[in-house]
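What follows is one structure encoded as structure tokens, with my remarks underneath.
Just so we're clear, the structure is a prediction, and the values are computed from it rather than from any experiment. Throughout, protein chains are lettered first and strands after them, A, B, ... in sequence-line order, and every chain is numbered starting at 1.
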There are 2 protein chains.
Amino acid sequence: MNIGSASDKSGLPAKTIRYYEDIGLLKPDRADNGYRDYSMSDVHKLRFLQRSRGLGFSVEECRQLLALYEDKSRASADVKSIAQSKLQEIERKIIELRELQHTLKHLVAHCHGDKRPDCPILESISGTAGSS
Amino acid sequence: MNIGSASDKSGLPAKTIRYYEDIGLLKPDRADNGYRDYSMSDVHKLRFLQRSRGLGFSVEECRQLLALYEDKSRASADVKSIAQSKLQEIERKIIELRELQHTLKHLVAHCHGDKRPDCPILESISGTAGSS
DNA sequence: CTTGACCTTCCAGTTACTGGAAAGATTACC
DNA sequence: GGTAATCTTTCCAGTAACTGGAAGGTCAAG
């Protein structure tokens with residue numbers, strides 16, 4: 001499929017998709033007319049990149065994650081340890097998101113109009129009292 | 001406290017803290033010697049920024065979230081609607097992280113050495129079969 | 001066969017930092 | 001008090017990850 005369809009299906013702008021090719025994250029086929037030709041597997045990778053970038057992983061981290069995904073054949077120890085450290089990071093991100101969620105919910109529910117400058121939510125939002 | 005301590009407590013490099021001041025996210029006091037002087041409230045904001053940036057929110061989104069946090073006095077409708085849309089985004093991020101977590105766990109548990117190029121995990125990693 | 005939507009490359013601009021130089025301030029030690 | 005190490009300041013340049021726009025080739029519809 002052309003880059004436009006790949007863009008629609010992955011949620012990434014065509015510009016970004018070309019950029020990801022430039023930096024070697026992806027190598028789509030080329031049609032005879034010179035157009036890039038994306039397979040479903042390419043689209044899966046793009047969608048994966050779209051998600052993990054949006055979740056705060058750097059491009060280099062995404063490259064590693066993508067390598068995990070692609071190199072499942074020569075997997076074992078090396079790959080496993082990367083995956084495991086990423087799993088810890090994901091765990092941490094989930095916890096932080098839950099805390100942020102909790103805080104915002106409180107803001108919406110309890111703080112509208114309440115003017116106290118020492119609102120206890122101020123502490124929880126930054127995770128200092130984060131022993132939930 | 002000086003920028004070094006604020007850096008230690010927030011987890012942000014001093015460089016980044018100064019940058020956040022440049023773009024108007026923060027206005028610490030200045031000591032007589034010209035050094036920036038951070039309050040605990042500043043540190044809370046920095047820590048908050050550190051987290052939300054790491055979770056994939058843009059600086060502009062962080063600015064909004066910070067405004068929620070600071071403008072709790074003139075809150076109401078406007079603030080609430082921003083908070084609510086951020087809450088939806090957070091919900092989505094949590095779900096995506098759980099899916100990514102699930103996929104990586106499978107990779108670690110089941111895919112080491114397994115060479116099939118059509119491993120079903122390939123689909124789930126990109127969220128296409130994400131009806132879990 | 002032209003119009004419009006798509007694709008190509010290339011180059012410049014933006015966002016969000018990050019590194020390093022040059023110089024002033026503070027602390028720590030003799 | 002001296003002075004060396006370790007802050008801190010500003011400024012300017014560089015990097016990462018896009019993003020916009022120009023100039024031009026391709027394609028499907030009428």
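- Here A:Glu21 does not pair with A:Lys27 in a salt bridge; the nearest charged N to carboxylate O distance is not below 4.0 Å.
- Per the geometry, CG belonging to B:Leu49 stands 9 Å off P belonging to C:dC17, to the nearest Å.
- For A:Tyr35, the side-chain atoms get nearest to D:dG25 when compared with the rest of C:dT18, D:dA17, D:dG25.
- To the nearest angstrom, C1' of C:dC7 lies 16 Å from CE of A:Met1.
- Distance B:Ile3 CD1 to D:dT10 C1': 12 Å, rounded to the nearest Å.
- Rounding to whole angstrom units, CZ of residue A:Arg18 and C1' of D:dG21 are separated by 12 Å.
- With a 6.0 Å cutoff to the six-membered ring centre and a 45° limit on the axis angle, B:Lys45 does not count as a cation-pi contact of B:Tyr20.
- Looking at which nucleotide of DNA chain C each of A:Arg30 and B:Glu60 is closest to, the 5′-most match is held by A:Arg30.
- In this structure, B:Leu25 atom CG and C:dT15 atom C1' are separated by 13 Å, rounded to whole Å.
- For A:Ser58, counting side-chain heavy atoms from C-beta on, the closest listed nucleotide (C:dA16, D:dT10, D:dA17) is D:dA17.
- Comparing A:Lys15 and A:Asp32 by the nucleotide of DNA chain D whose heavy atom lies nearest to each, the residue mapping closer to the 5' end is A:Lys15.
- Donor-acceptor pairing under 3.5 Å is recorded for the side chains of A:Asp42 and A:Ser39.
- Distances shorter than 4.0 Å separate some side-chain N or O of A:Asn33 from OP1 or OP2 on D:dC27.
- To the nearest angstrom, P of C:dG19 lies 15 Å from OH of B:Tyr19.
- The side-chain tip of A:Lys93 points at the ring of A:Phe57 from less than 6.0 angstrom away and within 45° of straight on.
- Considering only the side chain of B:Thr16, C:dT18 comes nearest among C:dT18, D:dT19, D:dT9.
- As a whole-Å value, the separation of A:Leu46 CG from D:dC18 P is 12 Å.
- Nucleic acid contact for B:Ile23: none, since no nucleic acid atom lies under 4.0 Å from a heavy atom of the residue.
- Per the geometry, CZ belonging to A:Arg36 stands 17 Å off P belonging to D:dG25, to the nearest Å.
- Remark: B:Lys9 NZ to B:Leu46 CG distance equals 12.0 Å, nearest 0.5 Å.
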